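If you're wondering where the values come from, they're calculated on a predicted model, not measured in any experiment.
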Amino acid sequence: TLRSAGSSMKKVFSILDEQPNLSKKGEKFPDTSPENAVEFDNVKFSYGRENVLHEVSFSINKGEKIAIVGGCGFIGHNLAIELKEIGYEVEVIDNLYVNNILSVLDNTEELPNPELSMKILQSRQKILKDHGIKLSTIDARDYHLLTECLKKIKPDLILTLEHLSV
């Protein structure tokens, strides 16, 4: 584990050492006017009493690419569709293990109507496809596969929803 921690730290430092790319258009500063960007200002979020986000602020310009990790759930697929419809390029990464087709097939959650649940989950994937949103079936716990996937996607922003199960 010490060796893997050392290689993980190397990766973190290599990312921190990268020079920022201010604009794809060659402008000194990107256009962050309200009609061209979504701004998140002092976002707070908690699970019960545990704060997991505290006053986080950022903005992202329309047309930029967003990767949503865990984006096949109820929240994720709706968010992906909304972002796509307002002008963002969106890709979803999901392992399809939690609240998903595999658990419905085995009915491990003892759902009262697994057939209906299956139809709902399949319709989410179809809706993503119909909106031109690519789905990569990757387990976010596999650091190497996730890293390779994100290298290919080259997102401007990564939203992680893989820990939310609704």
Side-chain angles (χ1 to χ4, degrees), residues 1-18 20-21 38 40 43-60 64-84 88-166:
T1 59
L2 187 56
R3 183 175 292 162
S4 66
S7 64
S8 295
M9 288 306 296
K10 275 186 184 177
K11 179 66 178 166
V12 168
F13 289 130
S14 72
I15 291 170
L16 292 174
D17 289 339
E18 286 187 25
N21 181 6
V38 172
F40 296 84
V43 176
K44 298 174 186 174
F45 187 78
S46 63
Y47 289 110
R49 294 182 180 156
E50 182 182 349
N51 290 327
V52 293
L53 289 180
H54 182 70
E55 297 182 13
V56 175
S57 299
F58 64 93
S59 66
I60 183 163
E64 291 187 322
K65 188 180 283 189
I66 301 172
I68 303 177
V69 181
C72 266
F74 178 78
I75 296 168
H77 91 281
N78 281 296
L79 179 60
I81 291 164
E82 182 66 26
L83 289 169
K84 181 78 173 186
Y88 293 93
E89 190 176 340
V90 181
E91 291 199 30
V92 168
I93 300 168
D94 200 299
N95 64 7
L96 304 177
Y97 290 167
V98 178
N99 187 19
N100 67 51
I101 291 173
L102 296 176
S103 64
V104 172
L105 281 174
D106 296 338
N107 201 14
T108 56
E109 298 171 17
E110 298 180 9
L111 301 166
N113 193 341
E115 295 83 14
L116 176 61
S117 296
M118 178 63 79
K119 287 179 183 177
I120 291 169
L121 296 172
Q122 288 172 332
S123 72
R124 286 182 191 165
Q125 291 181 23
K126 182 179 181 326
I127 290 168
L128 289 175
K129 184 178 179 180
D130 291 347
H131 280 82
I133 299 170
K134 182 180 177 194
L135 168 63
S136 297
T137 308
I138 302 289
D139 190 336
R141 296 171 295 182
D142 187 326
Y143 168 79
H144 297 291
L145 283 177
L146 181 61
T147 300
E148 289 304 311
C149 183
L150 290 170
K151 281 182 185 178
K152 290 177 187 171
I153 294 173
K154 298 179 183 173
D156 297 294
L157 177 69
I158 302 168
L159 298 176
T160 60
L161 304 177
E162 77 278 0
H163 54 280
L164 300 177
S165 181
V166 177

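- Of all heavy-atom pairs between Cys72 and Gln125, the closest is SG-CG, 4.4 Å.
- Across Gly73 and Asp94, no two heavy atoms sit closer than the pair N-OD2, 4.1 Å.
- Nearest heavy-atom pair, Ala140 versus Leu146, reported as atom, atom and distance to 0.1 Å: O-CD2, 3.7 Å.
- Remark: Ile68 CD1 to Ile75 CD1 distance equals 11.0 Å, nearest 0.5 Å.
- How far CD1 of Ile133 is from CG of Leu128: 5.0 Å, rounded to the nearest 0.5 Å.
- Rounding to the nearest 0.5 Å places NZ of Lys154 at 12.0 Å from CD of Glu89.
- We find the NZ-CD1 distance between Lys84 and Ile66 to be 11.0 Å, quoted to the nearest 0.5 Å.
- Two residues are said to be in side-chain contact when any heavy atoms from C-beta on lie closer than 4.5 Å; Ile158 and Leu150 meet this criterion.
- When all heavy atoms are compared, the tightest approach of Ile153 to Ala67 is CG2-CB, 4.4 Å.
- With rounding to the nearest 0.5 angstrom, the CD1 atom of Ile138 is 5.0 Å from the SG atom of Cys149.
- Side-chain atoms of Asp142 and His144, non-hydrogen and from C-beta on, do get closer than 4.5 Å to each other.
- Results of the side-chain contact (heavy atoms from CB on, under 4.5 Å) test with Arg124 over Lys129, His77, Lys119 single out His77 as the only residue that passes.
- Interatomic distance, OH of Tyr88 versus CD of Glu64, reported as 7.5 Å (0.5 Å rounding).
- Counting all heavy atoms, side chain and backbone alike, Val92 lies closest to Ala80 at CG2-CB, 4.0 Å.
- If you run side-chain contact (heavy atoms from CB on, under 4.5 Å) between Lys65 and each of Asp156, Leu157, Ile60, only Asp156 comes through.
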